[in-house]
Amino acid sequence: MEADVVIIGSGPAGLQAAIHAARKKVSTVLIGKLENSSTFEIPVENYFGTPGKQSGTELLMNGVRQAVSFGCEVEDMNVVSAERKGDRFMVTAESGVVVEAKAVVLATGITRNTLGVPGEKEFGNGKGVSYCASCDCNFYKGKAVAVVGGQSEAAISAELMTRYASKVYWVFSKLDADISLVEKAVSAGAERIEVPVKQIKGDDRVRSILLSDGNEVPVDGVFIELGGKSSVDLAMDLGIIPEMDDSVKVDRGCATSVPGVFACGDITGRPWQIGKAVGEGVVAGSAAADYAKKVGQ
């Protein structure tokens, strides 16, 4: 299969990139499983133009419909490899389909580090377990929450949640956060618990955390802040060297260090927000289309 632009990842960034690339009248293919997006099956409350709580899944589906309406071909499957051959890129999907393209947009998101305890998976997708305090803080106004993790990211999240939650438990087994951030979180009211989490418990949603010492702490939400590892394997296959935090560095035009490869969304680093992802998707999709047109001349 040949295309001018191939987009890897079907989250908000990838879908917006697909919309803008296709609108520029270049052949566009998007490859990615919708269910892999961090927006899938979660409520969205603070995004422009979406009053109240909206379904993240429905937002993604609307994006797919928009992309298709502009002529983008959407393949709901994972990508298994990507490589550059001369001035073209070869992207292979799990079905064996190979797309040869003039430009690539990486919108693969990130793979967040998990806690790996019972209940974590069961209470994900809007049921009380979150991996981004800045994204979901507003859902926990006046409620009790636990922030799990001993690194600086967890300290920042614990301090942030004290502005929303009625009670914040900062739970960790080892403290590696910057001391100034620790002091700020504690001064703001976060209660430190230096005991590992053994289980996340609840019914239809999170109700408590069980600690390894046998104590059970009632909470309405659990923020797992263990850092995030970007999905950079494909980027490295294309010759891109990731940053120390595994993000992919881009310029203001969302171009990477490799000509013809653009990136947008969570893979480019914080903040992990839909607004940022969509904004970068606009830039990356348009830039990739312009690049493909230039190469084709």
Side-chain angles (χ1 to χ4, degrees), residues 1-22 24-38 64 67 71-112 228-251 253-269 277 280-281 283-297:
M1 180 188 302
E2 293 187 2
D4 291 313
V5 176
V6 61
I7 297 160
I8 305 174
S10 58
L15 288 167
Q16 189 67 65
I19 290 168
H20 271 70
K24 287 209 164 189
K25 305 302 181 184
V26 297
S27 58
T28 306
V29 176
L30 181 145
I31 308 175
K33 294 187 74 64
L34 215 64
E35 64 193 58
N36 289 342
S37 170
S38 59
V64 171
C72 176
E73 181 173 340
V74 177
E75 299 287 346
D76 186 30
M77 60 185 72
N78 292 316
V79 169
V80 295
S81 67
E83 60 181 322
R84 183 168 189 167
K85 289 189 176 181
D87 62 352
R88 295 292 188 272
F89 300 94
M90 312 297 290
V91 177
T92 304
E94 59 188 344
S95 66
V97 170
V98 178
V99 180
E100 179 181 335
K102 300 170 185 174
V104 175
V105 176
L106 294 171
T108 49
I110 60 169
T111 302
R112 292 181 173 88
K229 183 179 180 180
S230 299
S231 304
V232 297
D233 290 344
L234 294 173
M236 293 181 69
D237 289 344
L238 293 168
I240 299 170
I241 305 301
E243 299 295 289
M244 291 297 293
D245 62 355
D246 282 345
S247 65
V248 170
K249 186 177 181 179
V250 295
D251 62 17
C254 287
T256 70
S257 59
V258 175
V261 181
F262 303 83
C264 54
D266 287 355
I267 194 173
T268 66
E280 288 188 346
V283 176
S286 297
D290 291 341
Y291 182 90
K293 288 179 180 179
K294 183 178 179 180
V295 170
Q297 291 177 349

Item to check | Side chain to side chain, Val295 and Arg88, heavy atoms closer than 4.5 Å | outcome: yes
Checklist entry - Is Glu83 reaching over with its side chain to a backbone N or O of Met90, donor-acceptor style, under 3.5 angstrom? => result no
Item to check | Distance in Å, Leu238 CG paired with Ser257 OG, rounded so as to fall on 0.5 Å steps | outcome: 10.0 Å
Next on the checklist: Checking Thr108 now: which residues fulfil side chain to side chain contact (heavy atoms under 4.5 Å, CB included) with it, not counting sequence neighbours?
Outcome noted: Ile8, Ser231, Leu234, Ile267
Item to check | For Ala107, all residues meeting side chain to side chain contact (heavy atoms under 4.5 Å, CB included), sequence neighbours excluded | outcome: Ala13, Cys264
Item to check | Any pair counted as salt bridge (Lys or Arg N to Asp or Glu O under 4.0 Å), so long as it reaches residues 4-16, sequence neighbours left out | outcome: Asp4-Lys102
Checklist entry - Taking all non-hydrogen atoms of both residues, which atom of Ala17 and which atom of Val105 are closest, and how far apart? => result CB-CG1, 4.1 Å
Item to check | salt bridge (Lys or Arg N to Asp or Glu O under 4.0 Å) involving Asp290 - partner list, sequence neighbours excluded | outcome: Lys24
Checklist entry - When rounded to the nearest 0.5 angstrom, what distance separates OG1 in Thr268 from CD in Glu243? => result 11.0 Å
Item to check | Heavy-atom closest pair, residues Cys72 and Ala18 | outcome: SG-CB, 3.8 Å
Next on the checklist: Which residues pass the side chain to side chain contact (heavy atoms under 4.5 Å, CB included) test with Glu73, not counting sequence neighbours?
Outcome noted: Met1, Val29, Glu75
Next on the checklist: Measuring from atom CE of Met77 to atom OG of Ser10, what distance do you get when rounded to the nearest 0.5 angstrom?
Outcome noted: 11.5 Å
Checklist entry - Given side chains that start at C-beta, do those of Val248 and Val261 come closer than 4.5 Å, heavy atoms only? => result no
Next on the checklist: List the residues meeting side chain to side chain contact (heavy atoms under 4.5 Å, CB included) with Ser81, not counting sequence neighbours, and say none if there are none.
Outcome noted: Thr92
Checklist entry - About how many Å separate OG1 of Thr28 and CD1 of Ile19, when rounded to the nearest 0.5 Å? => result 11.0 Å
Checklist outcome for this item: Between Pro259 and Arg84, the two heavy atoms sitting closest are O-NH1, 2.8 Å
Item to check | Side chains of Val283 and Phe262 in contact at under 4.5 Å (non-hydrogen atoms) | outcome: no
Item to check | Pair Ile240-Leu106, side chain to side chain contact (heavy atoms under 4.5 Å, CB included): steps then yes or no | outcome: CA-CA 11 Å; Ile240 299 170; Leu106 294 171; 4.0 Å; yes
Item to check | For Gly14 against Ile7, the heavy-atom pair lying closest together | outcome: O-CG2, 3.7 Å
Checklist entry - Which residues satisfy the side chain to side chain donor-acceptor pair (under 3.5 Å) test with Asn36, sequence neighbours excluded? => result Asn78
Checklist outcome for this item: To the nearest 0.5 Å, atom NZ of Lys249 lies from atom OG1 of Thr256 at 12.0 Å
Checklist outcome for this item: d(Gln16 CD, Ser286 OG) to nearest 0.5 Å is 9.0 Å
